[in-house]
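One structure below.
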2 protein chains.
Amino acid sequence: MPNALTRRLSEYTDLTDDDLARLAMLSAQPTRKVGARRDLIRQGDRPRSIYLILEGWGCHYRSLADGRRQIVDFAIPGDLCDLNVYILDRMDHSIAAVTDLKVAEIDREALLDLATNSPNITTALWCQELACKSINREWILNVGQRRARERIAHLFCEMFLRLETVGLTSGYSCDLPLTQNDIADATGLTPVHVNRTIKELREMELVMIRSRRLTILDMAGLQDIAQFSPDYLHLKRNARHSDAMRGGSTIAPPDDPGVAIAV
Amino acid sequence: MPNALTRRLSEYTDLTDDDLARLAMLSAQPTRKVGARRDLIRQGDRPRSIYLILEGWGCHYRSLADGRRQIVDFAIPGDLCDLNVYILDRMDHSIAAVTDLKVAEIDREALLDLATNSPNITTALWCQELACKSINREWILNVGQRRARERIAHLFCEMFLRLETVGLTSGYSCDLPLTQNDIADATGLTPVHVNRTIKELREMELVMIRSRRLTILDMAGLQDIAQFSPDYLHLKRNARHSDAMRGGSTIAPPDDPGVAIAV
DNA sequence: CGTTCAGTTGACCATGATCAAGAGTGGTGG
DNA sequence: CCACCACTCTTGATCATGGTCAACTGAACG
């Protein structure tokens, strides 16, 4: 089974066997484990290497002096955290582990080597970087213009699709290891209001959340509410997602047995 | 007098005479003029070249089907609009002219040539790209966590400092060719509320806005309200900005004669 | 079992939205 | 030169989305 990074990058270009081998080596870099809720790196720190998420969820966040915190993106398996972090002197934001996290630490040389020897991968990495920027823009739109119900619906749509891209969904279900507090920090709402809003989505029979797992009961309805359109994710091959994303059927498959899908 | 791009990039690295010559050639690429309020390129369009803003203000925005619009960044002289736009198939957002705009259209070859022949410039361009992403993150924080007064104060601080970087301020004044509607779209507020909030900032004697020009009367106070810290802009040389940014004095210089500063 | 943390619910409040009308301001053409 | 038009700014009145405070439930874990 291909790993998450491979699946992710092959959204952007065709990878040769040679490319695949190089990517496999990347994931085999020294790994680091970080416990849930701990910071991987903190605003102001001097970055040493680039992180590749192998297992678990992380989040990028920025906070204000008085404690207000904004999650600006989530990081899931296959995501590279700030590709070019080695150009910067200081981190301008923090990265935390949402769940227990396994990351590969890729040093500058390994990445440069990759860039010089595989133009395909370089292109794919650029695409990933651009797609990430596009996600940032969508989040500004989300928080700036959408209202509570739309915001949360949008977040669910986005994360489901991103997880699907790396093979971490089954049917209409995926892991969602976020507390309502996390969702609040990501959407600019309060935990209390997130709670009420999710309740609404539940009562509208759009989603079901149980033991840290999200099941989308009505994909078309959820996307509709969110005014979600997957273009901004730049998944060139999203034809592959047609069944789930077209949302033609509102019938969810029976709750899967919850088997964790290996990265 | 150095042009805006040069000033901008020399924030990030030291440029040799050779670099400067190359950059001068960039600005001499075929230019295009776009009238105020017109779109430069629209979401869904196939990008042809990269735009370098020579004169005027632009904005990047995304909108929803029902007309809600979110400005996700402003573009001022010296800004390159989506450096790597040529990798993408379709624009995921639109770029519009806020004022009459003069842009250089840089084609792929010219940029590649630059990248291969001047490592300094390449590094600087990367830094610009990263700084832009950092600005995106800050905007998510701004819209997600700050309240109206803080948001607008933050926007003023940011734009003033960005303009200062490219030499487009005089004393504590700078052009601010935005309508209150634009500010509303950038901050996720309504025009009416923007109006009331600016009135507050005026009554607090923090800023003065007259005929599309912003004067910051109390830099320290404004930054304080906004919880603004310039780190996220990644201006390595912001020692240079010490006088304006430290905000030691609350006395603004007399309103300058409003001479437009050439790019 | 008790402790802790996430989720849930209620009551009340405030920030900012909405609706509406009027005041400046600048540009254009008669 | 003035009249008109369009656009932006301004202000008031009212409303609603979402915030705040607080208490309680339920599950997980030692």
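Just so we're on the same page: letters track the sequence lines, and every chain starts at 1. Computed over heavy atoms, backbone and side chain alike; hydrogens, waters and symmetry mates excluded.
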Distance-only check: which donor-acceptor pairs under 3.5 Å involve side-chain atoms of residues 189-199 of chain A, not counting sequence neighbours?
| residue | atom | partner | partner atom | Å |
| --- | --- | --- | --- | --- |
| A:T190 | OG1 | A:H193 | N | 3.4 |
| A:N195 | ND2 | A:Q180 | OE1 | 2.9 |
| A:T197 | OG1 | A:H193 | O | 2.6 |

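Residue B:T179 is classed as a sugar-phosphate contact, given heavy-atom separations below 4.0 Å to backbone atoms only. Within the 4.0 angstrom heavy-atom criterion, only backbone atoms of the sugar-phosphate kind lie near A:R212; the bases stay farther away.
In 5' to 3' order, the nucleotides of DNA chain C bounding all contacts with chain A (an atom under 4.0 Å from a heavy atom) are C:dA6 to C:dA11.
A:D66 and B:Q227 share a side-chain donor-acceptor pair at under 3.5 Å. For the residue pair A:Y51/A:R32, the side-chain donor-acceptor check at 3.5 Å is satisfied.
Comparing the local axis fitted to the first five base pairs of the helix from C:dC1-D:dG30 to C:dG30-D:dC1 with the one fitted to its last five gives a bend of 40°, rounded to 10°.
A:D185 CG to A:Y61 OH: the interatomic distance, rounded to the nearest 0.5 Å, is 10.0 Å. Distance CD1/B:I95 to CG/B:D39: 9.5 Å, rounded to 0.5 Å. Considering CG of A:L201 and CD of A:E150, their distance stands at 11.0 Å, rounded to 0.5 Å. Rounded to the nearest 0.5 angstrom, A:N3 CG and A:L54 CG are separated by 8.0 Å. Within the model, atoms CG of B:D175 and CG of B:L168 stand 7.5 Å from one another, a figure rounded to the nearest 0.5 Å.
Against DNA chain C, the stretch residues 197-205 of chain A makes heavy-atom approaches under 4.0 Å through A:K199, A:R202. Against DNA chain D, the stretch residues 58-67 of chain A makes no heavy-atom approach under 4.0 Å.
In this structure, A:R149 places its CZ atom 9 Å from P of D:dT17, rounding to the nearest Å. For B:N195 and D:dT8, the CG to P distance is 13 Å, given to the nearest whole Å. Taking atom CG of residue A:L189 and atom P of nucleotide D:dT17, one finds them 13 Å apart after rounding to whole Å. Atom NE2 of B:H193 and atom P of D:dG12 are 15 Å apart (whole Å).
The existence of a salt bridge linking A:E164 and A:R7 is excluded, since no basic side-chain nitrogen approaches an acidic carboxylate oxygen closer than 4.0 Å. Electrostatic pairing of A:R8 and A:D79 counts as a salt bridge here, judged by a charged N lying under 4.0 Å from a carboxylate O. Taking 4.0 Å as the cut-off between side-chain N and carboxylate O, A:D182 and A:R37 count as a salt-bridged pair. Of the charged side-chain nitrogens involved, none lies within less than 4.0 Å of a carboxylate oxygen, so that A:D73 and B:K133 do not count as a salt-bridged pair. In this structure, A:R137 pairs ionically with B:D92, as a charged nitrogen and a carboxylate oxygen lie closer than 4.0 Å.
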Using atom names, set out every protein N or O paired with an N or O of nucleotides 21-30 of chain D below 3.5 Å, distance rounded to 0.1 Å.
none

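Of the residues A:H60, A:R62, A:Q43, the one that meets the side chain to side chain donor-acceptor pair (under 3.5 Å) test with A:H93 is A:H60. Exactly one of A:I71, A:I183, A:L176 qualifies for a side chain to side chain contact (heavy atoms under 4.5 Å, CB included) with A:L155. That residue is A:I183.
Ring centroid separation for the pair B:Y232 and B:H154 comes in under the 6.0 Å cut-off.
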